[in-house]
Amino acid sequence: MPSAPLLSRRQLLQAASLLGLSTAALGVRPTWAAPAGLANVYPQGVEAGPQVSLAVRREARQIAGKTAYPITLNGTSPGPLIRLREGQDASLKITNLLNEKTSVHWHGIILPSNMDGVPGLSYAGIAPGEVFTARFPVNQNGTYWYHSHSGLQEQLGHAGPMLIEPAEPEPFHYDREHVLLLTDWTFEDPRDVFRHLKVAEGYYNRQERTLVDFFDDVAKHGLAETWKQRAMWQQMRMSSRDIADVTGSTYTYLVNGHTAQDNWTALFRPGEKLRLRVINGSAMSYFDVRIPGVKMTVVAADGQPVQPVPVDEFRIAVAETYDVVVEPEADRAYTIFAEAMDRSGYVRATLAPRLGMVAPIPERRRIADRGMEAMAAHGGGMDHASMSTGSSDHSSMSGVDHSSMAGMDHSSMAGMDHSSMAGMDHSSMAGMDHSSMAGMDHSSMAGMDHSSMAGMDHSSMTEMNHTPADQTASAAHGSGLLAAGVAQPGSRYDQAGIGIDPTERRVLVYGDLKARTPWPDRRPPGRELELHLTGNMERYMWSFDGKKFSEVDGPIHFAHGERLRLIFVNTTMMEHPIHLHGMWMELENGAGELIPRKHTLNVKPGERVSALVTADAPGHWAFHCHLLYHMDAGMFRVVKVA
């Protein structure tokens, strides 16, 4: 084994960043970019220093042994690792060599709104042949990523990781680090994927229940209960195995652009502490990540440091990042196993002392059923929006108070006659009119580029009228609002989600996350804004409060400097990773003053969650579900801070 240099690789990289030099100028490559063919290579190394250039093209590349045509950045897909340093002024130049507009959004970065990279809000987008330079002060550190916000380009590989070195020492030690960017690739045209989702519910689901499953259920639960559950799902025009909209039937899952067969390898010396920066840059896929034989300690979530949490496994939603520290002791290989939430596929990498080593791949788990997760007494919520295609007429239900329904057991509602609900009071549903949802068509948004909004004057748009959430739980601070940092009734922060058996191993849950230090803004919220996550799986329609983006009257208004609470009520049977641009969301998970800061919040089916926001970023900001096809189908809003 070669002797260690006088300065560590990490120290040399920090020096390069401070001096604005590339790593090539120092004659060193980061560990994850060691020159060893497919193994141990993050594509084409690193773009270091405050000044970075990215050239965006469409090029032929080999993926899973086939010729593919992804969008590349500086010749690679995913794009190169960008390394900045806290306290710098970044200058990121993007040259568009595509034959269509493109953009780059710096995900999770707090920056001026005109540099955020969202066509129609930040700017008009980058036209073919044009060059755009994003300039902003770097006032944070941690693990982040970047991706296109134009049409469906993100599905074509237009993404890459971004690491920001801290100005001050971090509160944990490690000897070397590796980046693990998880993505999902399809050889189909993304527009065809979207069309298939619109045409046939469950188009990509190859794991539907069979006659054998039916008889197994009868043996376990009895004929009456099994029949009732089947009738319930039939009424909602859904399958209990609608876990993921797009699955391994079309997706090839990748880590740093490589398949499981490529055996991407992260090197270590036994006894070293390794920092693994895990980024879910996929379009639609949730992953469950574990390293059999190695305990992981979570030290950061969405780039923000958290108090250490030892775990055996964690679920990472689309657009989230987690940093974990591991310390493999033995002189052997270990498998980094990232399994798709719907169990339709996986990707693996390897931790090893030497290249070429492999470790056993864990046995794949079976797909779970939504009936066990979302409809059981411990959680779940009826998707009223998805029932609009059935015989039930919800138009007469205006005024019923649904605020207490989050987490409610609806399993007994199978076959229920809803006609008797006419006249019930739904007033607490933030003015949502279900009758207007019948027949909604989102197909016009396929491949939508928000660049058509460039120059649009939002100042004249009226503010949405949202009824506050249930205010009877607490009269904290005399406002009648729930005390800051308290978990919402209907939240399930102690559960990782569907398909996870907590008795098998220690799994990270949102309730585990505690910030290292309190957020500087300690004010209680002055108001609450409740948003319902709505959709229809059969028609593939996704929205906020029953309205897709093209149907809303104007932006959601935040007053500059105000402290407010966002409440998300997931009325659908799917998970939604909700991302707010430009500002942190402080997840109210019951940790009091130590609630964690996140840029993306995963909201489970039937769940009610909340986050505190300090509206300190003037401008227009995107606010959306980060499942690419959900966003494109209409689950997108604009927040105006003024």
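Starting from 1, each residue takes its place in the sequence as its number. None of the values given here were measured: they were computed from a predicted structure.
- With contacts defined as side-chain heavy-atom distances shorter than 4.5 Å, the pair L182/S282 does not qualify.
- Partners of R505 according to the salt bridge (charged side-chain N to carboxylate O under 4.0 Å, His left out) rule, which considers only residues two or more places apart in sequence or in another chain, are E313.
- Side-chain contact check for L513 versus L508: some heavy-atom pair is nearer than 4.5 Å.
- Between I567 and V609 the shortest side-chain heavy-atom distance does not fall below 4.5 Å.
- For the pair S77 (side chain) and G157 (backbone), a donor-acceptor distance under 3.5 Å is present.
- Closest of all the heavy-atom pairs between Y253 and S344 is OH-OG, 3.3 Å.
- Using bins of under 30°, 30° to 60° and over 60° for the plane-to-plane angle, the ring pair Y510/Y493 lands in the tilted bin.
- Put simply, CZ on F544 and CZ on F636 are 9.5 Å apart, with the number rounded to the nearest 0.5 Å.
- Ring pair H626/W145: centre-to-centre distance below 6.0 Å.
- The aromatic rings of H107 and H147 sit tilted, their planes meeting at an angle between 30° and 60°.
- T143 and D323 form a side-chain donor-acceptor contact under 3.5 Å, judged by distance and modelled atom types alone.
- Side-chain contact between W542 and M574 is present, with heavy atoms from C-beta onward closer than 4.5 Å.
- The closest donor-acceptor contact from the side chain of Q155 to the backbone of A283 lies at 3.5 Å or more, if one exists at all.
- In this structure, Y540 has its ring center closer than 6.0 angstrom to the ring center of H630.
- In this structure, the side chains of L627 and P577 come closer than 4.5 Å at one or more pairs of heavy atoms.
- None of V311, V298, V294 except one satisfies the side chain to side chain contact (heavy atoms under 4.5 Å, CB included) rule with V324; the exception is V298.
- Note on ring orientation: taking the six-membered ring where Trp is involved, the planes of Y146 and W106 are tilted (angle from 30° to 60°).
- Pairing each heavy atom of N280 with each of I316, the nearest pair is ND2-O, 3.1 Å.
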When the side chains of residues 284-292 are checked against the rest of the protein, which donor-acceptor pairs come out under 3.5 Å, sequence neighbours left out?
{"unit_1": "S285", "atom_1": "OG", "unit_2": "D184", "atom_2": "OD2", "d": "2.7"}
{"unit_1": "Y286", "atom_1": "OH", "unit_2": "N602", "atom_2": "OD1", "d": "2.5"}
{"unit_1": "D288", "atom_1": "OD1", "unit_2": "R315", "atom_2": "NE", "d": "2.7"}
{"unit_1": "D288", "atom_1": "OD1", "unit_2": "R315", "atom_2": "NH2", "d": "3.4"}
{"unit_1": "D288", "atom_1": "OD2", "unit_2": "R315", "atom_2": "NH2", "d": "2.9"}
{"unit_1": "D288", "atom_1": "OD2", "unit_2": "R343", "atom_2": "NH1", "d": "2.7"}
{"unit_1": "D288", "atom_1": "OD2", "unit_2": "R343", "atom_2": "NH2", "d": "3.1"}

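- Using a cutoff of 4.0 Å between basic side-chain nitrogens and carboxylate oxygens, R191 and D189 are scored as salt-bridged.
- For the pair D242 and E538, the minimum side-chain heavy-atom distance is 4.5 Å or more.
- M537 has its side chain within reach of D245: a pair of non-hydrogen atoms, C-beta onward, lies under 4.5 Å apart.
- For the side chain to side chain donor-acceptor pair (under 3.5 Å) with T72, the qualifying choice from R58, E59, R61 is E59, the only one to do so.
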So M296 and Y322, side-chain contact (heavy atoms from CB on, under 4.5 Å) or not? Walk me through it. CA-CA 11 Å; M296 300 181 288; Y322 284 111; over 6 Å; no

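- Salt bridge status for R195 with E188: absent, with no side-chain N to carboxylate O gap under 4.0 Å.
- Checking S543 against T534 by side-chain atom types alone, a donor-acceptor pair falls below 3.5 Å.
- Between I336 atom CD1 and R348 atom CZ the span is 10.5 Å, to the nearest 0.5 Å.
- In this view, R364 and F337, E339, Y346 satisfy the side-chain contact (heavy atoms from CB on, under 4.5 Å) rule, not counting sequence neighbours.
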What do the steps show when you test V509 against Q495 for side-chain contact (heavy atoms from CB on, under 4.5 Å), and what is the final call? CA-CA 6 Å; V509 295; Q495 300 173 29; 5.5 Å; no

Yes or no on side-chain contact (heavy atoms from CB on, under 4.5 Å) for M635 and F623, after CA distance, side-chain angles and deciding distance? CA-CA 9 Å; M635 207 168 194; F623 182 40; over 6 Å; no

The test is side-chain contact (heavy atoms from CB on, under 4.5 Å); show your working for S491 and F568 and say whether it passes. CA-CA 10 Å; S491 61; F568 304 113; over 6 Å; no

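- The closest side-chain heavy-atom distance from M631 to H149 is below 4.5 Å.
- A distance of 12.5 Å separates OH of Y334 from OG1 of T350, quoted to the nearest 0.5 Å.
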